[in-house]
There are 2 protein chains.
Amino acid sequence: MITPPSDLTDHLGYRLRQVSNHVSHAFARKLADRQVTVAEWVLMRTLHNQDPIAPSQLASRMGLTRGAITRLADRLVEKALLARLANPDDGRAQTLCLTERGAAFVPQMAALADQNEAECFAHLSADDRAVLLRILTETVDRLGLRAPPVD
Amino acid sequence: MITPPSDLTDHLGYRLRQVSNHVSHAFARKLADRQVTVAEWVLMRTLHNQDPIAPSQLASRMGLTRGAITRLADRLVEKALLARLANPDDGRAQTLCLTERGAAFVPQMAALADQNEAECFAHLSADDRAVLLRILTETVDRLGLRAPPVD
DNA sequence: TATTGTTATACTCTATAACTATA
DNA sequence: TATAGTTATAGAGTATAACAATA
């Protein structure tokens, strides 16, 4: 019994990648005006309205390594969007928090995210959008993917 | 009137990225045994059961640049999974096709894709899977994203 | 010795733009 | 001159693993 390879376009994973890539790239183009990348935005958004947080904690929250956080943080500090705060009690430790300028950026970028959202999913009914969000959220929970400010 | 930044987790784009990244990475780990990356797999799958095709045509079909195709093709040729065929009528032109070994790999990798699919979306009802696929496919069509063997 | 953050290194993915050979 | 493919270069995004400073 021969099983032909299932059609690539029938794979959820494949479609997911197609759509996700498009949405992310469209968003990246919008953020580019602000000189910020999508990864930087996610970090900033995660930090927004949060108490200062240690890089290592941020790493686990975002599902990245500490090294990756160092790099992202370096770039954001350079742009004066993020600050590193020393810990007076422990010379090794530090915490990260947005600068005033960085915090002011967040709502602007969130508006761009909303706009991107509207553009990319304009064709879907409110119902379909809700269903899509539900399914994705369920999947994130089931797969145990890092949800942002959970803990 | 103050509008707080909408919750990041409410963005479809954000959730999409989370899920898509996870699914792709899980698949990449499976493919790693075969020494093939996800991008290479997509190229191979696109070529499977197709007549030999020009790199430039493949580029537009996959939504990549010619340079990107050259790189992917280089790696696959190195692994003896892909061959470049010269065009006797035009010294500039060439076509790409899978080697016998490459063609034999495709069904194996498709099985891995199916397995990955099953693992990542096991928690969804058949109904939800179908709805998700429908919504994503509609979105791909509406956004005019490159669907693989369309033309 | 264990922990925190940094650095060195490496690789994939992809783009842009310049380049080569051929038409 | 236009076209097909390649190459050079660059940068994002990430990982692993070694390292320095501090505890």
Side-chain angles (χ1 to χ4, degrees), chain A residues 17-18 20-22 24-29 31-32 34-44 52-79 82-97 145-146, chain B residues 17-18 20-22 24-29 31-32 34-44 52-79 82-97 145-146:
Chain A
R17 244 169 59 91
Q18 270 190 302
S20 170
N21 282 177
H22 178 273
S24 280
H25 285 151
F27 187 36
R29 279 190 295 276
L31 286 178
R34 261 80 174 178
Q35 312 268 284
V36 169
T37 68
V38 174
E40 289 163 11
W41 150 252
V42 172
L43 188 156
M44 289 180 70
I53 179 181
S56 50
Q57 207 183 331
L58 188 59
S60 87
R61 197 172 286 194
M62 291 179 65
L64 299 177
T65 61
R66 286 172 298 157
I69 295 294
T70 298
R71 274 191 180 12
L72 281 174
D74 281 348
R75 296 211 311 256
L76 288 169
V77 167
E78 235 173 79
K79 293 170 198 161
L82 183 74
R84 288 183 160 107
L85 310 175
N87 182 334
D89 300 334
D90 185 338
R92 297 168 303 179
Q94 69 180 228
T95 50
L96 301 176
C97 77
L145 306 182
R146 274 320 63 212
Chain B
R17 245 169 60 92
Q18 269 189 302
S20 170
N21 282 177
H22 178 271
S24 281
H25 285 149
F27 187 35
R29 277 190 295 276
L31 286 178
R34 261 81 174 176
Q35 312 267 283
V36 168
T37 68
V38 174
E40 288 163 11
W41 149 252
V42 173
L43 188 156
M44 290 181 69
I53 180 182
S56 50
Q57 206 183 331
L58 188 59
S60 86
R61 197 172 284 192
M62 292 179 63
L64 299 177
T65 61
R66 287 174 298 156
I69 296 294
T70 296
R71 279 199 175 0
L72 282 174
D74 282 348
R75 295 210 311 257
L76 288 169
V77 167
E78 234 174 80
K79 293 170 197 161
L82 182 74
R84 289 184 161 108
L85 309 176
N87 180 335
D89 299 335
D90 185 338
R92 297 167 303 179
Q94 70 181 224
T95 50
L96 301 176
C97 78
L145 306 182
R146 270 325 58 211

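The analysis underlying the following values was restricted to heavy atoms, covering all of them including side chains, and did not include hydrogens, waters or symmetry mates. Chain letters run A, B, ... following the sequence lines, proteins first and then strands; every chain starts at 1.
B:L64 places its CG atom 12 Å from the P atom of C:dT16, with the value rounded to the nearest Å. Per the geometry, CG belonging to A:N21 stands 11 Å off C1' belonging to C:dT14, to the nearest Å. B:R29 has its CZ atom 10 Å from the P atom of D:dT16, to the nearest Å. One can place CG of B:L85 at 12 Å from P of D:dG5, the figure rounded to the nearest angstrom. The interatomic distance linking A:L72 (CG) with D:dT14 (C1') rounds to 10 Å, in whole Å. Computed from coordinates, the B:D74 CG to D:dG5 P distance equals 13 Å when rounded to whole Å.
A heavy-atom distance below 4.5 Å is found between the side chains of B:R29 and B:H25. Annotation: side chain of A:E40 is not in contact with side chain of A:L31 (no heavy-atom distance under 4.5 Å).
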Is there any protein nitrogen or oxygen under 3.5 Å from a nitrogen or oxygen in nucleotides 17-22 of chain D, and what are the pairs?
residue	atom	partner	partner atom	Å
D:dT22	O3'	A:G91	N	3.3

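Contact annotation: B:T70 does not reach the phosphate of D:dG5 (side-chain N/O to OP1 or OP2, under 4.0 Å). For B:S56, a side-chain nitrogen or oxygen approaches OP1 or OP2 of D:dG5 to under 4.0 Å. Remark: A:Q57 is not in phosphate contact with C:dT4, judged by side-chain N or O atoms under 4.0 Å from OP1 or OP2. Taking side-chain N and O atoms only, A:T37 has a distance below 4.0 Å to OP1 or OP2 of D:dG13.
No engagement by A:A28 is indicated, since no non-hydrogen atom pair under 4.0 Å with the nucleic acid exists.
Here the nucleotide nearest the side chain of A:Q94, chosen from D:dA15, C:dT4, C:dT6, is C:dT6. The side chain of B:R71 approaches D:dT9 more closely than any other nucleotide in the set D:dT14, D:dA4, D:dT9.
For the side-chain contact (heavy atoms from CB on, under 4.5 Å) criterion with B:L96, the lone passing option out of B:V77, B:I69, B:L85 is B:I69.
No N or O donor and acceptor, one from the side chain of A:R84 and one from the base of C:dT6, sit under 3.5 Å apart.
Scanning for side-chain contact (heavy atoms from CB on, under 4.5 Å) contacts around B:S56 gives B:A54, B:R66, with sequence neighbours left out.
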